[in-house]
Every structure is written in C-alpha cells, then in structure tokens.
Amino acid sequence: MDLPTLRDPLFATYAIAACLMILKAVAMSWLTVVRMMQEKGGFRSPEDLRRTPLNPDPSPEQLAPNDRVERIRRIHLNDLENIPFFLVAGFLYILTAPPLWLAQTLLYGYVVSRLLHFAAYLTARTHDMRATLWTVGSLILVFITGRTLFVAAGYP
Amino acid sequence: MDLPTLRDPLFATYAIAACLMILKAVAMSWLTVVRMMQEKGGFRSPEDLRRTPLNPDPSPEQLAPNDRVERIRRIHLNDLENIPFFLVAGFLYILTAPPLWLAQTLLYGYVVSRLLHFAAYLTARTHDMRATLWTVGSLILVFITGRTLFVAAGYP
Amino acid sequence: MDLPTLRDPLFATYAIAACLMILKAVAMSWLTVVRMMQEKGGFRSPEDLRRTPLNPDPSPEQLAPNDRVERIRRIHLNDLENIPFFLVAGFLYILTAPPLWLAQTLLYGYVVSRLLHFAAYLTARTHDMRATLWTVGSLILVFITGRTLFVAAGYP
C-alpha cells in the first residue's frame with residue numbers, strides 16, 4: 001500500500017496544520033451551539049420553536065437574528081471560504097518537496113494567522129486589523145497554490 | 001507512481017465514505033433546483049426575473065425567500081460546514097493505519113449520521129433530534145481528527 | 001516517502017485543475033474586498049463602521065446589502081457548494097487510473113465550465129445560461145464521483 005506516511009517530517013507538518021484547522025472550523029459549529037443556548041435564540045428553522053427538553057420555553061423572537069450568534073456564523077463562513085482550500089493546497093504543496101523550514105513557516109504561519117483572525121473577529125477589533133490578518137493567510141494560500149501549479153506544470 | 005490504491009480495504013473504506021458524502025452534498029444543489037422549479041420561486045439574483053424558457057412567466061415575488069427552498073439551503077450550508085472537513089480528516093485518519101473494523105465503524109457511521117440528519121431536517125423533526133444526529137457526526141469528526149493529530153505529532 | 005508525484009501526467013492533470021480552482025475560489029474573496037472598497041459599503045459587521053485608515057468616513061448605510069458586493073458573495077457561495085467536493089473527487093478519480101485523455105477532458109472541462117459560469121454570473125446573463133454551465137460542471141462531478149465509488153466498491 002502506497003500511502004503517504006505521517007512519520008515523514010514534511011507530511012507530518014501538513015497533517016498537523018490540517019488537523020488544527022479542521023478542529024478550528026468544527027469548533028465554530030460548537031461555539032454557535034453554545035451561544036444559541038446562552039442566548040436562547042438565534043435559531044433559523046421554524047421547527048426550533050417547538051417545546052422540547054432543550055427549549056422548554058419557546059417564543060417567536062427566538063428566530064430573530066441574534067448579534068452574538070451571527071458573529072460566530074460570520075466567522076464560520078469566513079472559515080468555509082478559506083480552510084477547505086488550504087487543506088488541499090497544503091497537501092499538494094508538500095508534494096513539491098519544499099524545504100522543511102519553509103513548509104513549517106508557511107503552514108504553521110497560516111494556522112497562526114487564522115487563529116489571530118478568529119481572536120480579532122470574536123472580540124470585534126477594527127476591520128483593518130481583521131483584514132490584515134486575513135490577508136496574511138490568504139497570501140500564504142495563494143503562494144503555496146501558485147508554487148504547486150508552477151511545479152505541476154513542469155517548471156523546476 | 002506512488003498513489004494510494006483503491007484496492008486496499010482501508011483506503012477503499014475511506015473512498016466509499018467520501019464518494020457517498022460528496023454525492024450527498026451535490027444532491028442538495030439539485031434538490032434546491034428541483035424545489036425552485038416546483039415553487040417557481042426562491043430565486044436570489046435579479047436577472048432570474050427575466051423571461052426565459054425555464055421561467056416563462058416571471059414575477060417580482062419569485063425573489064422572496066421560499067420556505068421549502070430555504071430549508072434545503074440550510075441543510076446544504078450544514079453540509080458545507082461539515083463534509084469538506086470530514087473528507088480531509090477521513091483521508092488523514094486512514095494514514096494512521098487504524099484497524100479496519102474501527103475505520104469502517106467511524107467512517108460509515110459518519111455517513112449514516114449525516115443521512116439521518118438530512119432526513120430529520122428535511123421532515124422538520126424537532127431541533128433536539130436534529131441536534132443529536134449532528135452531534136454524533138461531529139464527535140466522530142473530532143475523534144478522527146484528534147487521533148490523526150496525535151499520531152502526526154509523534155505519539156504512538 | 002510514498003507521496004504521489006506531481007511529475008506523473010495523470011496526477012499533474014489533477015494538481016493543475018485543483019490549483020486553478022483554488023485560485024479561482026480565493027479570487028472571489030479578493031473580488032469581494034475590491035468591490036467593498038469601490039462601493040465603500042456592503043459590510044457585514046457592526047465594528048466595520050468605526051473610523052479607520054481604510055474607512056475614514058463611516059456611515060450606517062455601509063452595513064446595508066450592496067448589489068455589486070452581494071453578487072460576488074453569491075458566486076462565492078456557489079463555489080463553496082462545488083469546488084471543495086471537486087477537489088477531493090478529482091483526487092480519488094485519478095486513483096482509478098483513467099486514460100489520460102479522459103481525465104484531462106473531465107478535469108479541465110470542469111475548470112472551464114466553472115470559469116464560464118463565473119463569467120455568466122458576473123455579467124448577469126440569464127438564469128438559463130448560468131444554470132446550463134453549472135449543470136455541465138455538476139454532471140462531471142457526479143460522474144467522476146460515481147465512477148470512483150464503483151471502483152472502490154470492487155467493480156472493474
């Protein structure tokens with residue numbers, strides 16, 4: 001069986017960065033749940049207004065948008081716009097056999113930029129700070145994808 | 001060429017689960033189309049109000065949100081928040097060489113949990129049932145990602 | 001180390017198609033930013049109304065939906081509903097060892113269908129043209145996923 005091995009330092013770098021980003025994105029789902037429970041609102045489906053053990057005291061305003069819940073949803077959507085592409089681009093980039101230090105800098109740098117972006121978004125920092133952190137991650141993503149495209153197209 | 005082989009039972013388990021989940025997600029796009037045609041509404045773009053062979057009798061209310069269409073869009077968004085991460089996490093998890101029975105239980109269990117979640121959401125079951133089914137899948141995803149992270153970081 | 005090699009023509013075909021699609025999706029983020037700057041609006045977070053170097057003259061209507069920005073967001077969402085699944089399905093399909101000409105036709109055909117879909121959506125062509133282009137890509141995606149499922153399940 002010819003599967004890439006997690007013991008290879010380059011592939012392990014990718015796998016660690018990928019797992020951290022997956023857990024980060026999944027955590028947004030859980031954080032949405034936590035905030036919906038705290039706020040007892042921010043729901044989206046009409047059936048969520050039925051009386052259940054998790055919602056013993058339903059009321060129509062539970063379907064209204066809730067600022068604290070919508071903030072997590074926006075962060076989550078930003079993850080969906082970025083992380084799935086990083087997960088594939090990072091894998092393909094590793095196949096170009098970059099130096100280990102460079103792969104670590106780029107992939108772990110991406111992870112750090114996304115975690116800082118999350119912190120800035122969660123605490124409602126200025127648009128400029130959030131945009132700067134997003135830009136760092138996006139430029140890393142564009143670089144590793146462009147470099148892979150270059151190698152796959154036959155350039156050295 | 002060193003590509004993983006679909007004949008390996010462990011990798012075939014992943015490939016089958018992955019293909020089923022991809023087809024499921026793509027089916028949500030088609031189901032949205034079907035419902036938009038049935039309802040002759042739930043459109044989103046202003047140009048969709050032009051008279052065309054597929055929309056011979058346009059009217060402005062076709063751009064209003066339509067409950068039956070919006071339900072599929074919510075299910076679809078839930079897929080986007082979950083399935084792309086499962087597709088990568090499942091692949092990496094297989095590289096940790098888990099026992100075949102365990103990989104089958106986790107990966108096929110994930111597929112089943114998502115199909116039941118779809119059925120519960122489509123038929124507007126209570127939030128509690130939908131949340132329970134989502135939780136099963138999400139915990140599987142967290143487990144396989146956490147286990148992969150553990151192995152990639154050098155633990156046995 | 002047993003990693004797939006980008007020098008293999010079949011795998012290079014996948015890698016090129018994947019990188020082009022990733023860059024396309026990431027470009028939607030940048031295009032959203034460009035249009036928000038041009039329109040000085042279409043923002044989504046309350047903190048984006050603070051006075052900053054990038055937004056020296058804030059006003060509440062900057063949070064209202066802006067048609068030119070929302071169009072890019074719809075295109076972007078359509079990418080999120082399609083491209084991540086193509087990225088994984090294309091990789092698995094390559095493992096079924098299809099003829100090179102067929103893989104090139106399907107994977108590059110998918111890329112072309114998505115670029116044309118983007119052009120049709122951006123310029124607000126009729127729903128029918130946009131739907132036709134989307135359908136071509138979606139059928140390619142269903143075909144390569146179905147074919148992979150078939151092979152992974154043990155059929156020749």
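We use all heavy atoms of the structure for the numbers below, so side chains are in, but hydrogens, waters and symmetry mates are not. Within every chain, numbering begins at 1; the chains are lettered A, B, ... in the order of the sequence lines, protein sequences first and strands thereafter.
Contacts with chain B were tallied for C/T96, C/D128, C/L87; C/D128 has the most, counting heavy-atom pairs under 4.5 Å. Taking C/A124, C/G146, C/A131, C/P84 one by one and counting their heavy-atom pairs under 4.5 Å with chain B, the maximum is reached by C/A124.
The nearest pair of heavy atoms linking C/A153 to B/I16 is CA-CD1, 4.0 Å. Nearest heavy atom pair, residue C/A152 against residue B/A15, reads CB-CB, 3.8 Å. In this structure, C/L92 and B/A18 approach most closely via the heavy-atom pair CD1-CB, 3.9 Å.
Both the backbone and the side chain of C/L80 come within less than 4.5 Å of a heavy atom of chain B. With a threshold of 4.5 angstrom between heavy atoms, C/R7 does not approach chain B through any atom at all. Residue C/F86 does not touch chain B at all, counting heavy-atom pairs closer than 4.5 Å.
Ring geometry, C/H127 versus B/F43: the interplanar angle falls under 30°, so the pair is classed parallel (tilted spans 30 to 60°).
Of the inter-residue distances, the one linking B/L77 atom CG with C/L77 atom CG reads 7.5 Å to the nearest 0.5 angstrom. For the atom pair OG (B/S29) and CH2 (C/W134), the distance works out to 4.5 Å, reported to the nearest 0.5 Å.
Within residues 44-52 of chain C, no residue approaches chain B closer than 4.5 Å by heavy atoms.
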- request: Dump the intermediate steps for side-chain contact (heavy atoms from CB on, under 4.5 Å) on B/L23 and C/F85, then the final yes or no.
  value: CA-CA 9 Å; B/L23 291 174; C/F85 303 107; over 6 Å; no

- prompt: Can you list the steps and then say if C/T148 with B/L6 is a side-chain contact (heavy atoms from CB on, under 4.5 Å)?
  reply: CA-CA 9 Å; C/T148 305; B/L6 290 171; 4.3 Å; yes

query: Does the pair C/L95 and B/F11 meet the rule for a side-chain contact (heavy atoms from CB on, under 4.5 Å), with working shown?
result: CA-CA 11 Å; C/L95 306 184; B/F11 195 72; 3.3 Å; yes

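C/E61 pairs by the salt bridge (Lys or Arg N to Asp or Glu O under 4.0 Å) definition with nothing, not counting sequence neighbours.
Within a 6.0 Å radius of NZ in B/K40, other residues, nucleotides and ligands contribute 12 heavy atoms or fewer.
When side chains are defined from C-beta on, C/T145 does not count as touching B/V26, because their heavy atoms never get closer than 4.5 Å.
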